[in-house]
Every structure is written in C-alpha cells, then in structure tokens.
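Here is the structure we will look at, set down as structure tokens.
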Amino acid sequence: MAKVPVQFTLNGSEKAEFIDSGTTLLNALRDKIGDTSPKGGCHQGTCGACSVIVDGELRLSCLTLAETCNGASITTTSGLADGGVLHTLQRAFLDTFATQCGFCSPGMIIAAKVLLDHTPNPSREEVVEALSGNICRCTGYEPIIQAVLTAARSNSQNAA
Amino acid sequence: MALALQTFATVKDANAALKIEGTRYLGGGTLVVRAANEGDVSVFSLVRSIDPALSTIEVGDAKVRIGASVTMAAITRHPDLGALAKAARAVGGPAIRNMATVGGNLFAPAPYGDFAVALLALDASVDTGKGELPLETFLAGRDETRALVTSVSFTPPKTDSLRFLKVSRVKPKGVSVLSIAAVLEQAADGTIGSARIALGCLADRPMRAVAAEKALIGRSLTRDGIAAALAAASEGTSPITDPIASAWYRAEVLPVHLGRLLLS
Ligand SMILES: Cc1cc2nc3c(=O)[nH]c(=O)nc-3n(C[C@H](O)[C@H](O)[C@H](O)COP(=O)(O)OP(=O)(O)OC[C@H]3O[C@@H](n4cnc5c(N)ncnc54)[C@H](O)[C@@H]3O)c2cc1C
Ligand code: FES
Ligand code: FES
C-alpha cells in the first residue's frame, strides 16, 4: 500500500514521516518517530495510557489516525521536562508515590496537564473527573489525585 | 491492521466513496478504529469529510441544528445547549468526549448511544442529504444506511423540560446499565399533556417507551399518578445482556429509575 506523508509538531519540534494509511497516532509516535512515552495498554479507548494532547485537547492516540493530525501540535509526557528539570506534575508524582509500575503515569500526567492548563486550582472532584478515563492497576488512585492537587498548589505558590 | 483513510473536502465526494463495499465513514473513530484495532477485518477503508458545515451548531428559536462531526465536548461547552449538556457529559471520559461525534452516537450499539437517547426524546430528525428522517425511523434502518449523516435537528426544548438520567456502576464515568430521557409537557394544573420517553440499553438501540408515554397522559407527577406508566415501562423492551448487567437486571431496575426521573 502506498505510504502517506504526515507532518506535525511534536513537543515543539517539527516531525515529518511517511506512514501506512490508517496507522494510529500511537503506533506512528512509538514505532516511527520513536516517542515511546504514550503507552499501548488496551488499544480500545478504555485505559487512557495512550493519552496525548492534540491542539490543546486530550485525545486517545490509539483511536486517532495519524493522518488526521496533519499540521497539529502534539504534546506527550516526554516533552514536559525542561532538560534535567522535571515538570511540576512529574515532580509531584514522584514526591507523592503516585507511580508504582509506571505504566499509567504518562497518560495520567497528560490528562492532569490538560486539567491544570484550563483549571489551575481544581477541586478534588474536578481532578477525579479529569482522570476518569485513565485506569491505574497499582496505586488505588488516591496518591495520583494527591499528586495533581500538590502540583496545582506548587504552581500557584511559584506564581505568587 | 490494513486500514486506508480517504479525506474529502465535500460531503458529496465522501458519499460517492462510501458506496464502495467495505468502506465506512470515520467520525471520531472511537468505535470504528477500536473495531479495526480489535481485528475487525470488515473495516478496511475509511472515508471522512472535512466539510466545515459538518462541525457547525446553529441555534434558532424554532430549530437547533447540530452537524454530525460536532463532538460531545463541543456540546457541553456550547452556551445555548445547556439542556443537552448532561447527556453529552454522560458519554465516556474527557478524552472520549473530545473525539466522540453526534453522528457516530446514532450508530453506537447498546450499551452505547446515550446521547442518541436524549435526541430520541427530543423527537430529533436526521439529515442524510436526501431530506430529513425522524430519528426513530433512521435508527430502525441504520444498519442498511450507507449515506453520510450530515446533521441532526430538533425543536429547542423548553427550559428544563428535557430530563436525562444515566445509570452506571463506575463513577464518575462508566458504561450504561441503562439511560432514560424524557420530554414532558405539563398543563397549568400539573397534568401531563404530552410525553416522550426514550430508553437506552433496553434494546440493541435507543427505543421509545410508548406504553409508558400513553399511561402518563392526563396524570400528574405523583407516586400514584406515575404508577401505571412504571408498570408499563418494560412493554416492548428486549434489554441487552453484557458484562455490566443482565437483561433481567435491566428490566427489573427500569421502573425504579424511570420513577426517579419522573419525580425528580
Ligand atoms: C472507552 C469508551 C467509552 C465509551 N463510553 C460511551 C458512553 O458512555 N456512552 C456512549 O453513548 N458511547 C460511549 N462510547 C462509544 C462512542 O464513543 C460514542 O458512541 C461516540 O459518539 C461514537 O462516535 P464516533 O464519532 O467516535 O464514531 P465512529 O467510531 O467514528 O463511528 C461509529 C460508526 O458510525 C458511523 N458513522 C459515524 N459518523 C457518521 C456519519 N456522520 N454518517 C454516517 N455514518 C457515520 C461509522 O461509519 C461507524 O460505523 C464509548 C467508547 C469508548 C471507546
Ligand atoms: S491504549 Fe489507548 S486507551 Fe488504552
Ligand atoms: S502505577 Fe501501575 S498502573 Fe498505575
């Protein structure tokens, strides 16, 4: 089958690739571009491990065809750290033990980032709602909720 | 996975491409790409149209028109679609709502199709480019439909007249045990003049509870007034059985939840 070109911005840098038509964004990112931070858990839309941000919106990369993202701006967890300095959310996940096996963490962090981008001081209910499409089999969720609330607090302290 | 996607600027060209066997329309992809990921080989060619008309929402005094590519998230954000926000918010989690389209929801098999349940209570019509069809007629023939759905439209409900409820086991987001939507018109003395009640998961696709609707006419919304409607609620239903609930359970809890919705 003929390859099709895709071109988008990934974590601030331009990417262009030839892919098989119908390739999911998840497979294009992991297998073609080499960004393995989005995880393939279920490929059914149910686990959220593949979450990415496309033009400011939370999306599931396993159900998104890469071709539909031509010209888009995509953010994944691998683009969050600033050199050796972790993003506030990554720091908070470590500090509150919100990561055990770590498989859900990139998706959780991306979903939390979208929340904090729009709602810098979310309530606990808003955090639960924002993470409701993401499954964690290890932590029991409480440390993850605490991590997001902690990150929100440290963001507002830094801004003050 | 050998899928191929074709993108067309116009609805007309997309419709022409959809005539080819094995070709399906790509909305948000939450069902159709999932099917392909699961190995459904009947889907090998996808078609989409990026016609901007498919993504527009028009709210008039007499008619609301929602393009088929409008997402659940866009409906929850729209200032004039507050009545539908609850039903749109009932679909999946935040990422699913950013992708799931109105058009796709009309084709979603039970336990999905929560938004279509609300549209059925609103007596919506569906535009497939060949004139408008009542949603009920469209749903009955949807398996044979090959043409692209371009929009749905309905008369805007009076403030607070659309009631919607979804029952799920996982909070805040979970697949439906059942969903119910109702539009009731009440006279000044509180008696019901007309009623439209739509049910989700009580058949393979959204259906109307016609017997319950009839039993409400002339009654008031009290425990006694709705008793006959609750007794008739399961008439004509054939609930699905899935990992969420058995058909028996769905039929058993339907009157309880319908009662709560009517008395709320
Ligand atoms: C994890 C998960 C949770 C979900 N939870 C819910 C839920 O709680 N409630 C619920 O109702 N649904 C739920 N869904 C199902 C689904 O997301 C929604 O029903 C959604 O609205 C489907 O729309 P789509 O645009 O993604 O459809 P697609 O997958 O793009 O399409 C579905 C079908 O409709 C056809 N189609 C789509 N648009 C058109 C059109 N304009 N014209 C003609 N044919 C068209 C496609 O060809 C395909 O056959 C869930 C799905 C997932 C993966
Ligand atoms: S891999 Fe995409 S939701 Fe699970
Ligand atoms: S840390 Fe293991 S799945 Fe969440």
Side-chain angles (χ1 to χ4, degrees), chain A residues 1-4 6 19-27 38 40-71 107-108 110-115 118-119 124-135 141, chain B residues 1-8 22-41 43-50 55 69 71-74 76-77 89-101 104 108 111-112 168 170-175 243-244:
Chain A
M1 198 183 292
K3 303 269 184 197
V4 291
V6 287
I19 58 163
D20 290 324
S21 182
T23 302
T24 61
L25 180 61
L26 177 65
N27 288 344
C42 65
H43 301 270
Q44 291 184 20
T46 42
C47 75
C50 67
S51 300
V52 299
I53 306 174
V54 179
D55 290 334
E57 277 195 346
L58 185 66
R59 294 281 187 87
L60 299 170
S61 62
C62 72
L63 299 181
T64 302
L65 298 189
E67 290 147 85
T68 64
C69 298
N70 258 317
M108 290 284 183
I110 281 296
K113 182 177 185 317
V114 174
L115 171 71
H118 295 103
T119 315
R124 188 192 151 84
E125 286 66 37
E126 285 171 318
V127 174
V128 171
E129 167 63 34
L131 303 179
S132 63
N134 296 66
I135 290 176
Y141 299 100
Chain B
M1 180 179 71
L3 264 185
L5 173 68
Q6 290 173 276
T7 302
F8 296 97
T23 302
R24 287 226 243 151
Y25 190 73
L26 172 72
T30 59
L31 289 171
V32 83
V33 176
R34 177 160 80 162
N37 286 350
E38 281 175 348
D40 180 347
V41 289
V43 190
F44 48 84
S45 179
L46 292 175
V47 160
R48 70 171 181 150
S49 169
I50 47 172
S55 302
S69 303
T71 61
M72 298 298 141
T76 60
R77 282 194 300 261
R89 221 177 287 119
V91 174
I96 290 286
R97 288 196 289 276
N98 285 336
M99 302 168 71
T101 66
Y112 300 135
S168 55
V170 180
K171 302 286 186 307
K173 167 215 102 125
V175 173
I244 306 294

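So you know, we letter chains A, B, ... as the sequences are listed, proteins then strands, and number each from 1. Below, all heavy atoms of this structure are taken into account, side chains as well, without hydrogens, waters or symmetry copies.
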Output for pair (Glu38(B) CD, His43(A) NE2), nearest 0.5 Å, gives 11.5 Å
In this structure, OG1 of Thr24(A) is separated from CZ of Arg34(B) (nearest 0.5 Å) by 15.0 Å
State, to 0.1 Å, how close [X] and [Y] come at their nearest heavy-atom pair, and which atoms those are.
X: Arg48(B); Y: Glu67(A); value: NH2-O, 4.2 Å
X: Gly45(A); Y: Ile96(B); value: O-CD1, 4.1 Å
X: Pro94(B); Y: Ala130(A); value: CG-O, 3.6 Å

Could you walk me through whether Lys171(B) and Glu125(A) pass the salt bridge (charged side-chain N to carboxylate O under 4.0 Å, His left out) check? CA-CA 11 Å; Lys171(B) 302 286 186 307; Glu125(A) 286 66 37; over 6 Å; no
Does the side chain of [Y] come within less than 4.5 Å of [X]'s, by heavy atoms?
X: Thr68(A); Y: Leu5(B); value: yes
X: Thr64(A); Y: Val33(B); value: no
X: Asn37(B); Y: Gln44(A); value: no

Side chain to side chain contact (heavy atoms under 4.5 Å, CB included) test vs Leu65(A) passes for just one of Thr7(B), Leu46(B), Val32(B), namely Leu46(B)
Cut-off 4.5 Å, heavy atoms of chain A, and the answer for Leu31(B) is neither
If we ignore hydrogens and angles and just use 3.5 Å, is the side chain of Asn98(B) paired with the main-chain N or O of Leu58(A) as donor and acceptor? yes
Residue Ser51(A) versus chain B: region with a heavy atom under 4.5 Å: neither
Looking only at heavy atoms and a cut-off of under 4.5 Å, which of Gly174(B), Gly93(B), Pro172(B) has the most pairs with chain A? Pro172(B)
